[in-house]
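Numbers restart at 1 for each chain; the letters A, B, ... are given by sequence-line order, proteins then strands.
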2 protein chains.
Amino acid sequence: MARAGLTPERLARAGAELADEVGFDQVTVSALARRFDVKVASLYSHLKSSQDLKTKIALLALEELADRAADALAGRAGKDALTAFANVYRDYAREHPGRFTAAQMRLDAHTAAASAGGRHAQMTRAVLRGYHLTEPDQTHAVRLLGSVFHGYVTLELGGGFSHSSPDTQETWSRVLDALDALLRNWPAP
Amino acid sequence: MARAGLTPERLARAGAELADEVGFDQVTVSALARRFDVKVASLYSHLKSSQDLKTKIALLALEELADRAADALAGRAGKDALTAFANVYRDYAREHPGRFTAAQMRLDAHTAAASAGGRHAQMTRAVLRGYHLTEPDQTHAVRLLGSVFHGYVTLELGGGFSHSSPDTQETWSRVLDALDALLRNWPAP
DNA sequence: GCATTAGCCTAAAGGATTTAGGAAATCGCC
DNA sequence: GGCGATTTCCTAAATCCTTTAGGCTAATGC
């Protein structure tokens, strides 16, 4: 009986591809087993549960996103950094909608702490370094940027902006302009 | 055999309560049947499918949200309107996390057109009336506000802001201040 | 009052998750 | 190289959710 060579890593990777193809919440242990041409129960040697699979995909996506963001940020500052950073999220979501959805999954505290989530927060702070905000304004700004990026990309991906009037690329540029202007001129309490 | 008095509306309402209690994606036709002490198959006289149930809950949530927003907006303008409007979303999400999640569900074009989604867009435009933006900037701003509200509330609800340093109420206030400042001074292209 | 309709039921098929236990392939150590 | 231990994959089975089909009974209308 030839072995399929499954590992948690390969399963996570294949699960991520599956998520991009059929949507994150259509990802199922059964579907993944079919993809490897293996019986369902076999996957339970590598996965604790269906939830575990989804978590692994989320962690993979967070890593990939963080890697891309780190690349994009290298050697940039100010608005240049802000734009590059923001585009990483938007582009990733367009290329890998399933993974992007996975990355939004709620993780329990312990898993979250071991994830690339911290890198994201650190990098957002790095972007803000060009804007000379001091604490606690920097934290407020980190949260604002996270909200805008997450919110915009999610709504755009979900078709929430469909009435095409100004196209979404135009809006995206103007939103980044607006955020840059806001960060350069952050209002005092 | 006494009848349970099921209707699509009652099912949607009970489904919404269930969503708030156990989470939107734990909402299941079976669980709903148990709640009414009725056999599962009975619900299929009132629902086309499990998906249909979820859609009905989403539509209910969108309506409730739009009603609350309309109330909040009455007699307000400028930053006052902006704050009240934003707080509707945030408060609703905290009171009804399951319904709020439901409201983000992706709807097909036809269903979306028949939903309260249009009212939300109209009300966002109404909020912006106090800031004298002209098209297409108004559309850009509508999308920005939608992104921030959706993004912030989702991240806060999902525990994305947990490191409590400045509490999230403080950040929320400062984000609204920042948006107000930005809208009053929207950057030219 | 009785025919019709609508609401709830039982039955059953199909698919997903998960656990238990077995057999074969691989690995590590002599 | 051989051989026991471990790992990987399998079959079998329980449980739960979805969905359809067809029947019985309560409500409704003439």
Exercise for the section: Return no unless some side-chain N or O of A:T28 is found under 4.0 Å from OP1 or OP2 of C:dG15. Expected result: no

Please work out which of the three classes, parallel, tilted or perpendicular, describes the rings of [Y] and [X], given edges at 30° and 60°.
X	Y	answer
B:W172	B:Y152	tilted
A:F85	A:F149	perpendicular
A:Y92	A:H96	tilted

Any donor-acceptor pair under 3.5 Å linking the side chain of [X] with the backbone of [Y]?
X	Y	value
B:D20	B:G98	yes
B:T111	B:L107	no
B:R10	B:G5	yes

Exercise for the section: Strictly below 4.0 Å, heavy-atom distances to any atom of DNA chain C: list the hits from residues 7-26 of chain A, or just say none. Expected result: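 None - not one residue of the stretch has a heavy atom sitting under 4.0 Å from the strand.
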
Exercise for the section: Could you go through the salt bridge (Lys or Arg N to Asp or Glu O under 4.0 Å) check for A:R94 and A:E156 one step at a time? Expected result: CA-CA 9 Å; A:R94 294 166 150 228; A:E156 185 185 19; 2.9 Å; yes

Handout entry: Those residues of residues 31-55 of chain A lying under 4.0 Å from DNA chain D by at least one heavy atom
Key =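 Result for residues 31-55 of chain A: A:V38, A:K39, A:A41, A:S42, A:S45, A:H46, sorted by number.
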
Problem - salt bridge (Lys or Arg N to Asp or Glu O under 4.0 Å) contacts touching residues 39-51 of chain A (sequence neighbours left out) - result: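 Pairs touching residues 39-51 of chain A that pass the test: none.
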
Exercise for the section: Mind calculating the distance between CG (B:L6) and P (C:dC8) to the nearest angstrom? Expected result: 4 Å

